[in-house]
Structures are given as C-alpha cells and as structure tokens.
Amino acid sequence: PGDRIDEGTAPGTHVIAPEGTRLHLRTSGRTDGPILLFTHGWGMSSRIWGAAERGLGRDFGIALWDLPGTGRSRRLKGRWSIEAFADALC
C-alpha cells in the first residue's frame, strides 16, 4: 500500500513493514506492464540481481528488495522466521 512507502530515502525507496522495520526496495524498468519481484538468497542482497535487472528491465517492471537484516534493510524488530519475512513483504 502507498501509505507504507517512504519516498524520501535515497538511493532507492524503502517500505515500512507491518511491525515497523524499514526495508529497502528499488524499482526500475517499464512502468506500463507486468512487474517481476526478485528475492535474494540468505546472506545475499538485492545486488545479486543486477544482470537480471539490466536484461529484463526493457520488457518488465523490476522490483528488488533486501530481506530484513540484509543489504540496506534493517533487522526485523521481532522474531526472525520465514513467516515474519513473508509478512514483511506483504
């Protein structure tokens, strides 16, 4: 939802997870079609998707986020779990 977006943080954009954690989100590519959301593996960051972003951005919107506690995202305030990560993305 738009009310969770913090447009004033550069580089990229941050969203605020339901429990208050600031998460890094960067969008690029086309704005008039489908959006591909990329999630990196454990211990990595959204930077892993640079080549995919460059290659697919001509045809799709691209959304790259850093899981809580990785890259430019802050750690979750509560307990870490796959469910908590999924809640942060929603």
Side-chain angles (χ1 to χ4, degrees):
D3 60 337
R4 290 179 40 208
I5 298 212
D6 177 1
E7 302 276 0
T9 306
T13 302
H14 286 77
V15 294
I16 306 301
E19 47 56 76
T21 299
R22 181 183 294 255
L23 302 173
H24 176 75
L25 171 70
R26 188 175 77 248
T27 59
S28 64
R30 294 183 67 119
T31 59
D32 61 347
I35 297 172
L36 303 177
L37 173 65
F38 290 83
T39 300
H40 59 82
W42 188 255
M44 298 178 180
S45 75
S46 60
R47 291 180 177 193
I48 194 76
W49 296 114
E53 180 181 18
R54 288 186 299 277
L56 295 170
R58 292 181 294 271
D59 299 315
F60 299 94
I62 305 294
L64 306 168
W65 79 306
D66 288 328
L67 288 169
T70 65
R72 294 183 182 131
S73 290
R74 296 200 177 145
R75 293 183 67 161
L76 289 175
K77 293 181 179 180
R79 194 180 117 255
W80 283 40
S81 68
I82 296 298
E83 293 81 9
F85 284 171
D87 288 345
L89 180 58
C90 291

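Evaluation of the side chain to side chain donor-acceptor pair (under 3.5 Å) rule for T21 yields E19 as partners, not counting sequence neighbours. Here T31 pairs with nothing under the side-chain contact (heavy atoms from CB on, under 4.5 Å) rule; sequence neighbours left out. Residues satisfying the salt bridge (Lys or Arg N to Asp or Glu O under 4.0 Å) criterion with R30, sequence neighbours excluded, are D32.
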Throw together a table of side-chain donor-acceptor distances under 3.5 angstrom for residues 61-68, partners on residues two or more places apart or in other chains.
| unit_1 | atom_1 | unit_2 | atom_2 | d |
| --- | --- | --- | --- | --- |
| W65 | NE1 | T39 | OG1 | 2.8 |
| D66 | OD1 | S46 | N | 2.6 |
| D66 | OD1 | S46 | OG | 2.9 |
| D66 | OD2 | R72 | N | 2.8 |

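The number of heavy atoms from other shown groups lying within 6.0 Å of CD1 (I48) does not exceed 12.
For residues 48-59, the set of pairs meeting the salt bridge (charged side-chain N to carboxylate O under 4.0 Å, His left out) definition, not counting sequence neighbours, comprises R26-E53. A ring pair (Phe, Tyr, Trp, His ring centres under 6.0 Å) check over residues 26-48, counting only residues at least two apart or in different chains, returns the pairs F38-W49, W42-W80, W42-F85.
Between R74 atom CZ and H24 atom NE2 the span is 13.0 Å, to the nearest 0.5 Å.
Within the 4.5 Å cutoff, the side chain of I16 has heavy atoms near those of the R22 side chain.
The hydrophobic clustering, which links ILVMFWY residues whose side-chain heavy atoms are closer than 4.5 Å, places L76 and M44 apart.
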